[in-house]
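Encoded as structure tokens, the structure appears first; notes follow it.
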Amino acid sequence: MSRFNSYKRTNIILQHLKMSNHTDAAAEVLLERKGCAGVITLNRPRFLNTLTLGMIRQIYAQLKKWEQDPKTFLIIIKGAGEKAFCAGGDIRDSCQKPYIALIHGITMGGGVGVSVHGQFRVATEKSVFAMPETAIGLFPDVGGGYFLPRLQGKLGYFLALTGFRLKGRDVYTAGIATHFVDFEKLGMLEEDLLALKSPSKENIADVLETYHAKSKTDQDKPFILEEHMDKINSWFSANTVEQIVDNLQQDGSSFALEQLKVIKKMSPTSLKITLRQLMEGSSKTLPEVLIMEYRLSQACMKGHDFHEGVRAVLIDKDQSPKWKPADLKEVTDEDLNDYFKSLGSNDLKF
């Protein structure tokens, strides 16, 4: 499986970080009141709608206003253009009103963060979902430690450690989206939602259910991982990355060996951080997970592998990161504990 898209995503994120001082945040995100709804449109289609800090600040401030507005009954978030919903960046909010993410196109990184924790998530046949962070020396942040271990069986562990990409209806079947709507019906769905009069959560759910029921694209296609799910559940129920690697090696099937090959390219430190993040996150609340992930992100910024991932992708462009440590067994429990330890007064606060 090619890691190209993970690298491409890093490239995009770093490009937008370099550019964000020179761009106008007002044009990058459109915030409109339409009908009964507040509509957020991520408006950087050239950069796959990656989020900048300016955009995040604007969205957060507007969400707080809409929360207090009795005429705003729901929030819709979508991406401009046909290619991506959002391919990166980071935002964390706690919106109390019904929140509908139209996750059409590429949804990675921050795109997952602004959608997957919302009440309603609508995928189309053009949706692409992935958490490819272990390929760049990071971990699935934006609440990945909360939602990934809550997917069916060990699916979330598999997606987090391999960066496997799900497409179209599979994004719904996996439980990442709550509804599937044919792309050509998305505009009509939005119009019908905006036309609701003082809707309750149930009214909104009814509209989404109606569109979901009449969307037939790939309806009879089996889930791409269906035939492998029993094995995925078995392989990834191990408590250590080394044991997962052994499980894949011992299985020896072409699918197992393909996943093994992918995992061996990932940062060993990232793999161990990610497994522990999901195991711990499985019993934490979302705020507790975000506090944990903030600690991890601060430690990763100080560590070697994220910077090496950037070197391999952006500077030398050799796509061959030299991870340190290069071997799983060299990443000790003590090393791991350092990533997870409290930052004291610098911990994330809500």
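Salt-bridge annotation for K329 and D327: present, with a side-chain N of the basic residue lying under 4.0 Å from a carboxylate O of the acidic one. At a threshold of 4.0 Å, the pair D170-K167 does not count as salt-bridged, since none of the basic side-chain nitrogens sits closer than that to a carboxylate oxygen. The residues E308 and R311 are annotated as salt-bridged, a charged nitrogen and a carboxylate oxygen being separated by less than 4.0 angstrom.
Under the side chain to side chain donor-acceptor pair (under 3.5 Å) criterion, H117 pairs with no residue, sequence neighbours left out. For N337, the side chain to side chain donor-acceptor pair (under 3.5 Å) partners are R276, not counting sequence neighbours. Every residue was checked against the salt bridge (charged side-chain N to carboxylate O under 4.0 Å, His left out) condition with D206, not counting sequence neighbours, and none meets it. Under the side chain to side chain donor-acceptor pair (under 3.5 Å) criterion, S342 pairs with D347, sequence neighbours left out. K231 pairs by the salt bridge (charged side-chain N to carboxylate O under 4.0 Å, His left out) definition with D251, not counting sequence neighbours. With sequence neighbours excluded, the residues that form a side chain to side chain donor-acceptor pair (under 3.5 Å) with T285 are E288. Applying the salt bridge (charged side-chain N to carboxylate O under 4.0 Å, His left out) test to D230 and every residue at least two apart in sequence or in another chain returns nothing.
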Chi angles and distances behind the side chain to side chain contact (heavy atoms under 4.5 Å, CB included) call for T173, I224:
CA-CA 10 Å; T173 312; I224 191 167; over 6 Å; no
Could you go through the side chain to side chain contact (heavy atoms under 4.5 Å, CB included) check for C300 and L138 one step at a time?
CA-CA 7 Å; C300 285; L138 279 172; 3.8 Å; yes
For a side chain to side chain contact (heavy atoms under 4.5 Å, CB included) check, start with the C-alpha distance between V128 and L166, then their side-chain angles and the critical distance, and finish with the verdict.
CA-CA 6 Å; V128 179; L166 293 173; over 6 Å; no
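Here K34 contributes atom NZ and E191 contributes atom CD; the two are 9.0 Å apart, rounded to the nearest 0.5 Å. Atom-to-atom distance recorded for E28:CD and T41:OG1 is 13.5 Å, nearest 0.5 angstrom. To the nearest 0.5 Å, atom CG of residue D305 and atom NZ of residue K322 are 12.5 Å apart. Note: Y339 OH to E334 CD = 13.0 Å, rounded to the nearest 0.5 Å. Atom CE of M292 and atom CD of E280 lie 6.0 Å apart (nearest 0.5 Å). Considering CD1 of I263 and CH2 of W235, their distance stands at 9.5 Å, rounded to 0.5 Å.
Annotation for V207: hydrophobic cluster partners, listed by chain and number, are V39, F73, L74, I76, I100, L102, F120, V122, V181, F183, L186, M188, L189, L193, L194, L196, I204, L208, Y211 (ILVMFWY side-chain heavy atoms under 4.5 Å, direct or chained). Other residues sharing a hydrophobic cluster with Y172 under the 4.5 Å side-chain heavy-atom criterion for ILVMFWY residues are F180.
M279 and V331 are members of different hydrophobic clusters when ILVMFWY side chains are connected at heavy-atom separations under 4.5 Å.
Put simply, the side chain of H307 gets close to the backbone of M301: a donor and an acceptor are under 3.5 Å apart. Of the possible polar contacts, none joining the Q277 side chain to the E293 backbone as a donor-acceptor pair under 3.5 Å is found. Here the side chain of K317 pairs no donor or acceptor atom with the backbone of A312 at under 3.5 angstrom. Side-chain N or O atoms of S282 include none that pairs as donor or acceptor with a backbone N or O of P149 at under 3.5 Å. In this structure, T178 contributes its side chain and R121 its backbone to a donor-acceptor pair below 3.5 Å. Side-chain atoms of R33 come within 3.5 Å of backbone atoms of G35 as a donor-acceptor pair (strictly under, hydrogens ignored).
With F164 as the fixed residue, the ring pair (Phe, Tyr, Trp, His ring centres under 6.0 Å) test singles out one of F158, F236, Y157: F158.
Residues I77 and S115 fail the side-chain proximity criterion, which asks for heavy atoms closer than 4.5 Å. Taking the side chain as every heavy atom from C-beta outward, M108 and E133 never approach each other to under 4.5 Å. In this structure, V116 and I103 have side chains that are not in contact, with every pair of non-hydrogen atoms separated by 4.5 Å or more. Side chains of P98 and I75 form no contact here, defined as non-hydrogen atoms less than 4.5 Å apart. By the 4.5 Å heavy-atom criterion applied to side chains, L257 and L248 are not counted as neighbours. Using a 4.5 Å heavy-atom threshold, the side chains of H179 and E209 count as touching. Looking at heavy atoms from C-beta onward, I56 lies out of side-chain contact with V29 at the 4.5 angstrom threshold. Under the 4.5 Å side-chain criterion, counting only non-hydrogen atoms from C-beta, F306 is not in contact with S267.
Annotation for K349: atom NZ counts as buried by contact number, over 12 foreign heavy atoms lying within 6.0 Å. Around the NZ atom of K284, the shell of radius 6.0 Å holds more than 12 heavy atoms that belong to other residues, nucleotides or ligands. Environment of CG in L31: crowded, with over 12 heavy atoms of neighbouring residues, nucleotides or ligands closer than 6.0 Å. Heavy-atom neighbours of R150 CZ from other residues, nucleotides or ligands within 6.0 Å: above the threshold of 12.
Closest heavy-atom contact between K265 and W323: O-NE1, 3.0 Å. Nearest heavy-atom pair across N233 and G153 is OD1-CA, 3.4 Å. The shortest heavy-atom contact between M266 and G163 is CE-N, 4.4 Å. Nearest approach of G38 to T72, heavy atoms of both residues: N-CG2, 3.7 Å. Across all their heavy atoms, P45 and A80 have their closest contact at CB-O, 3.8 Å. Across all non-hydrogen atoms, the minimal contact from P268 to P325 is CG-O, 3.6 Å.
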Tabulate below the donor-acceptor pairs under 3.5 Å that side-chain atoms of residues 238-245 make, not counting sequence neighbours, or state none.
{"residue": "T240", "atom": "OG1", "partner": "Q243", "partner atom": "N", "Å": "3.0"}
{"residue": "E242", "atom": "OE2", "partner": "K272", "partner atom": "NZ", "Å": "2.7"}
{"residue": "Q243", "atom": "NE2", "partner": "N247", "partner atom": "OD1", "Å": "3.0"}

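Between the side chains of H104 and S127, no donor-acceptor pair is found at a separation under 3.5 Å.
Listed by first and then second residue, the side chain to side chain donor-acceptor pair (under 3.5 Å) pairs that reach into residues 213-227 are D182-T217, sequence neighbours excluded. Here ring-ring contact (aromatic ring centres under 6.0 Å, His included) pairs that include residues 241-270, with residues two or more places apart or in two chains, are H228-F255.
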